[in-house]
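Written below as structure tokens is the structure these notes are about.
Source: prediction; values computed, not measured.
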Amino acid sequence: NTSVHFVIRNCGIHDGKSNNEYGIYFYNVINGKIDSVTSYNNYHGVYLCSSSNNNAISACNIYNNSEDGIYLWDSSNDNQIINCTVYNNSEGVLLVSSSNNTITNCACYDNDDVGIYLSYSPNNAIVNCMCYNNWEGTTFVSSSDSNLITNSTIYNNKQGIKIYGSSDSRIINCTVYKNFDYGGIVLGQYANSNQITNCTVYNNSCGVYVNSFSNNTRITNCKLYNNSGSIDIDHSNSTTILNTTISNSANIGINISYYT
């Protein structure tokens, strides 16, 4: 519970898992830095909660934790996660009820559930990240509105980018491929007014799947190829597809069904 500037650097923190201990735990901490830390075999690798704001986590290697690699919770806002490698955790990076955070140049892979997961967390940015070999690559759920994912590569997950029950987010300049169940980009459960722009989407079970009353989606300047189905719009209204190239679909290029 401090706002004093401080740095945790070049430390190895490990083996708290058996006692459900955290690697690093910030409670209502402001202006801290975690730099070049290795956190493994703990409960959470790095855990920030209760309005832990304006902290930086950089160049960290976080793996083999029984829950989350990096967990921001309870109005932990305006933090930066930069140049981190997060793997073999339950979730890689988890944000719950936290906003205005930036995740940049991170690799999240081989996590049991999701590479980067946002719940009730609006106005965050994911920039230049790689998410692969997770159950889901990147997921926004439960009113995680107005988020941005840009210049990121999402591949070899069950689902690539999933937005459920969240609106007004942007997916820009992303490459999404080899996601094998439901698709590369999946919008569902009233995911309204989301934008997919300048993305390359290929070799997925479905390129873009818009379903369950996810209205006012806009797909612009994208390339979709070698997908089983490229764009599937189901029970969703007012989808706009502009300047988009679709080729070599195994089944249907654009499939529209029910209420569109």
Side-chain angles (χ1 to χ4, degrees), residues 78-84 92-93 95 98-109 114-119 121-132 134 136-141 143-157 159-179 182-188 191-204 206-211 214-227 230-233 236 238-247 254:
D78 300 297
N79 298 288
Q80 297 184 51
I81 303 170
I82 306 167
N83 295 327
C84 291
V93 179
L95 276 58
S98 297
S99 61
N100 298 310
N101 299 287
T102 303
I103 304 167
T104 308
N105 296 331
C106 291
C108 299
Y109 61 92
V114 185
I116 301 174
Y117 187 92
L118 278 58
S119 178
S121 294
N123 297 305
N124 299 284
I126 300 167
V127 181
N128 293 329
C129 290
M130 298 180 68
C131 294
Y132 59 94
N134 309 285
E136 296 173 356
T138 302
T139 299
F140 306 159
V141 300
S143 300
S144 292
D145 300 329
S146 302
N147 289 296
L148 167 68
I149 176 168
T150 185
N151 297 325
S152 294
T153 303
I154 314 294
Y155 66 97
N156 280 354
N157 307 283
Q159 297 180 33
I161 299 172
K162 184 171 83 171
I163 302 178
Y164 268 30
S166 302
S167 300
D168 298 305
S169 289
R170 294 171 295 152
I171 304 168
I172 302 173
N173 294 331
C174 290
T175 301
V176 184
Y177 65 95
K178 290 186 178 178
N179 300 285
Y182 291 106
I185 301 173
V186 182
L187 311 180
N192 296 319
S193 301
N194 295 290
Q195 299 180 36
I196 304 167
T197 307
N198 294 332
C199 291
T200 301
V201 184
Y202 64 96
N203 286 353
N204 302 283
C206 181
V208 178
Y209 182 33
V210 182
N211 70 98
S214 296
N215 302 323
N216 298 307
T217 300
R218 190 175 182 89
I219 303 169
T220 308
N221 296 329
C222 292
K223 295 179 181 179
L224 296 95
Y225 61 92
N226 292 347
N227 300 288
S230 286
I231 299 176
D232 190 354
I233 303 167
S236 298
S238 302
T239 301
T240 301
I241 305 169
L242 290 174
N243 299 325
T244 291
T245 301
I246 297 169
S247 60
I254 300 175

Do you know which two heavy atoms are closest between [X] and [Y], and how far apart they sit?
| X | Y | result |
| --- | --- | --- |
| Val141 | Ser166 | C-OG, 3.3 Å |
| Asp232 | Cys206 | CB-SG, 3.8 Å |
| Lys178 | Asn204 | N-OD1, 3.3 Å |
| Cys106 | Asn83 | SG-N, 3.9 Å |
| Asn203 | Asn226 | OD1-CB, 2.9 Å |
| Leu95 | Ser121 | O-OG, 3.2 Å |

* Ile154 and its side-chain contact (heavy atoms from CB on, under 4.5 Å) partner, picked from Ile149, Val201, Thr175, Ile116 ->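 Answer to the side-chain contact (heavy atoms from CB on, under 4.5 Å) test with Ile154 among Ile149, Val201, Thr175, Ile116: Ile149.
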* **Name of the residue among Ile103, Ile82, Thr104, Asn173 meeting side-chain contact (heavy atoms from CB on, under 4.5 Å) with Val127** =>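 When side-chain contact (heavy atoms from CB on, under 4.5 Å) is applied between Val127 and each of Ile103, Ile82, Thr104, Asn173, only Thr104 qualifies.
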* Is a side-chain N or O of Asn147 found less than 3.5 angstrom from the main chain of Asn123, in a donor-acceptor match? -> yes
Does [X] reach the side chain of [Y], with side-chain heavy atoms less than 4.5 Å apart?
| X | Y | answer |
| --- | --- | --- |
| Arg170 | Thr150 | no |
| Ser152 | Thr138 | no |
| Phe140 | Ile161 | no |
| Tyr117 | Asn134 | no |
| Leu187 | Ile163 | yes |
| Val176 | Ile171 | no |

* To do: Rounded to the nearest 0.5 Å, what's the gap from OG on Ser169 to CG on Leu148? Could you check?
  =>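 If we round to the nearest 0.5 Å, Ser169:OG and Leu148:CG are 8.5 Å apart.
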* Asked: To the nearest 0.5 Å, how far apart are OG in Ser238 and CG in Asn216?
  ->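 Answer rounded to 0.5 Å: 5.0 Å.
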* **Test side-chain hydrogen bond (donor to acceptor under 3.5 Å, both in side chains) applied to Asn124 and Asn101, Asn79, Asn100, Thr102, the passing residue** => Asn101
* To do: Identify, with sequence neighbours excluded, every residue that meets side chain to side chain contact (heavy atoms under 4.5 Å, CB included) alongside Cys222.
  =>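 In terms of side chain to side chain contact (heavy atoms under 4.5 Å, CB included), with neighbours along the sequence ignored, Cys222 is linked to Ile196, Cys199, Ile219, Leu224, Thr244.
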* Structure fact -> By side chain to side chain contact (heavy atoms under 4.5 Å, CB included), Tyr182 pairs with (sequence neighbours left out) Gln159, Val186, Tyr209
* **Lys NZ or Arg CZ of Lys223 over Tyr225 ring: under 6.0 Å, within 45°** => no
